[in-house]
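Comments concern the structure below.
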Amino acid sequence: MKGQLTHAPVTGQFPTSDTDLRVCLISEEAGLDLRNSELTPAPPKPVPAYPDAKALFHVGAYCGSVLASVGTFTLEDMDLDQGSPSSGRSWRIRGMATAQEFRRLGFASAVLDHGLREIRRRGGLLIWCNGRTTAGSFYRHHGFEQIGDQRHVRGLPSHYRFKRAIGQAHFS
């Protein structure tokens, strides 16, 4: 049901119970409709969206049976500096998207937290992304450092680059 979401029981700031939030690894296809509808004006990516990735995984957060938030994590160095200690152990967040009605309810945080645990399990040392300026407070809240000035790519919303060392404790 592309573009249509069934409303699930959420109130206030959080899902109404732990059973309303389920986070797990998903297939790329499972998150495609949500990604395409929420990441406009970015053009939709075909499956596989990242065919040259050395390694990747996809995470989804569900509210009941509804996919509320998704993110893809790819093994990808941030810079071409091969002398960096995180070279070959850096991961990038790609295609992070949350349905409008589930924003600011903890679903994107759940996707990110699950992704960080999986990256640690795989020996990752650094995570980074190009996050839209509207998502800047989300990444900063989760311990990411903004790198450089606002970036502009024709046809896309402005964004910043963010990074965070893996294993670095972050408390909200």
Side-chain angles (χ1 to χ4, degrees), residues 1-42 44-45 47-50 53 56-76 91-122 124 126-146 156-164 166-172:
M1 296 193 320
K2 188 171 183 169
Q4 295 179 341
L5 295 173
T6 306
H7 290 280
V10 287
T11 59
Q13 291 288 324
F14 301 98
T16 56
S17 73
D18 289 342
T19 59
D20 290 339
L21 172 62
R22 180 174 56 91
V23 186
C24 58
L25 295 178
I26 63 171
S27 70
E28 183 174 10
E29 294 82 2
L32 189 62
D33 286 345
L34 178 59
R35 204 174 262 120
N36 287 343
S37 68
E38 297 301 325
L39 293 180
T40 58
K45 291 187 181 278
V47 173
Y50 311 105
L56 75 148
F57 62 91
H58 311 276
V59 176
Y62 290 84
C63 186
S65 63
V66 177
L67 184 60
S69 187
V70 296
T72 295
F73 299 83
T74 62
L75 182 61
E76 182 179 339
W91 288 79
R92 182 177 180 183
I93 303 169
R94 307 290 305 257
M96 185 92 165
T98 302
Q100 182 72 36
E101 57 265 45
F102 294 105
R103 292 183 187 163
R104 300 189 171 276
L105 298 174
F107 291 95
S109 294
V111 167
L112 179 60
D113 291 345
H114 193 91
L116 288 171
R117 283 191 301 275
E118 182 66 20
I119 290 167
R120 281 187 197 101
R121 190 185 71 73
R122 295 177 184 217
L126 181 84
I127 187 166
W128 68 281
C129 67
N130 291 325
R132 293 180 179 193
T133 56
T134 56
S137 61
F138 171 81
Y139 289 111
R140 285 187 285 276
H141 174 77
H142 288 282
F144 284 73
E145 169 190 350
Q146 180 181 313
L156 297 177
S158 296
H159 59 275
Y160 293 108
R161 181 161 286 179
F162 296 94
K163 73 174 183 176
R164 178 181 161 187
I166 301 294
Q168 182 176 319
H170 174 73
F171 302 98
S172 309

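Counting begins at 1 with the first residue of the sequence.
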* Parallel under 30°, tilted from 30 to 60°, perpendicular over 60°: which one fits the rings of H142 and F138? -> tilted
* To do: For the pair L39 and K45, evaluate side chain to side chain contact (heavy atoms under 4.5 Å, CB included) and give the outcome as yes or no after the intermediate values.
  => CA-CA 10 Å; L39 293 180; K45 291 187 181 278; over 6 Å; no
dist L75:CG -> I119:CD1 (nearest 0.5 Å) comes out at 9.0 Å
Of all heavy-atom pairs linking I26 and G31, the shortest is CD1-N, 4.1 Å
- Go through the side-chain N and O atoms of Q146 and R161 and say whether any donor and acceptor fall under 3.5 Å apart. no
**Asked** Does R140 use its side chain to pair, donor to acceptor, with the backbone of F162 at less than 3.5 Å?
**Response** no
Residues at least two apart in sequence or cross-chain that pass side chain to side chain donor-acceptor pair (under 3.5 Å) with R94, listed by chain then number, are none
Check R35 with E29, please: is the shortest side-chain N to carboxylate O separation under 4.0 Å? no
Output for pair (L116 CG, I93 CD1), nearest 0.5 Å, gives 7.0 Å
Residue set satisfying salt bridge (charged side-chain N to carboxylate O under 4.0 Å, His left out) with R92, at least two apart, ordered chain then number -> E76
- Side-chain donor-acceptor pair under 3.5 Å between H58 and S27, yes or no? no
Minimal heavy-atom distance between F107 and A61, with the atoms involved, is O-CB, 3.7 Å
For E28, the side chain to side chain donor-acceptor pair (under 3.5 Å) test, sequence neighbours excluded, returns none
On a heavy-atom basis, the closest approach of Y50 and G95 is OH-N, 3.9 Å
Is the W91-F57 ring centre distance short of 6.0 angstrom? yes
The reported gap from CG in L112 to CD1 in I127 (rounded to nearest 0.5 angstrom) is 6.0 Å
Next on the checklist: Donor-acceptor pair, distance only, cut-off 3.5 Å: does the side chain of S69 make one with the backbone of A97?
Outcome noted: yes
- Which is it for M96 and Y139 under the side chain to side chain contact (heavy atoms under 4.5 Å, CB included) test, yes or no, and what are the steps along the way? CA-CA 11 Å; M96 185 92 165; Y139 289 111; 4.0 Å; yes
The reported gap from OG1 in T133 to OH in Y160 (rounded to nearest 0.5 angstrom) is 6.0 Å
* Flag the pair V70 / V59 as yes when at least one side-chain heavy-atom distance between them is below 4.5 Å, and no otherwise. => no
Heavy-atom closest pair (N36 atom, T40 atom, distance to 0.1 Å) is O-CG2, 3.5 Å
Minimal heavy-atom distance between R132 and A42, with the atoms involved, is NH2-CB, 4.1 Å
Rounding to 0.5 Å, atoms SG (C129) and CZ (R164) come to a distance of 11.5 Å
Shortest non-hydrogen pair, G60 vs V111, comes out as C-CG2, 4.2 Å
ask   = Between L56 and T72, does a side chain to side chain contact (heavy atoms under 4.5 Å, CB included) hold up when you go through it step by step?
value = CA-CA 7 Å; L56 75 148; T72 295; 4.0 Å; yes
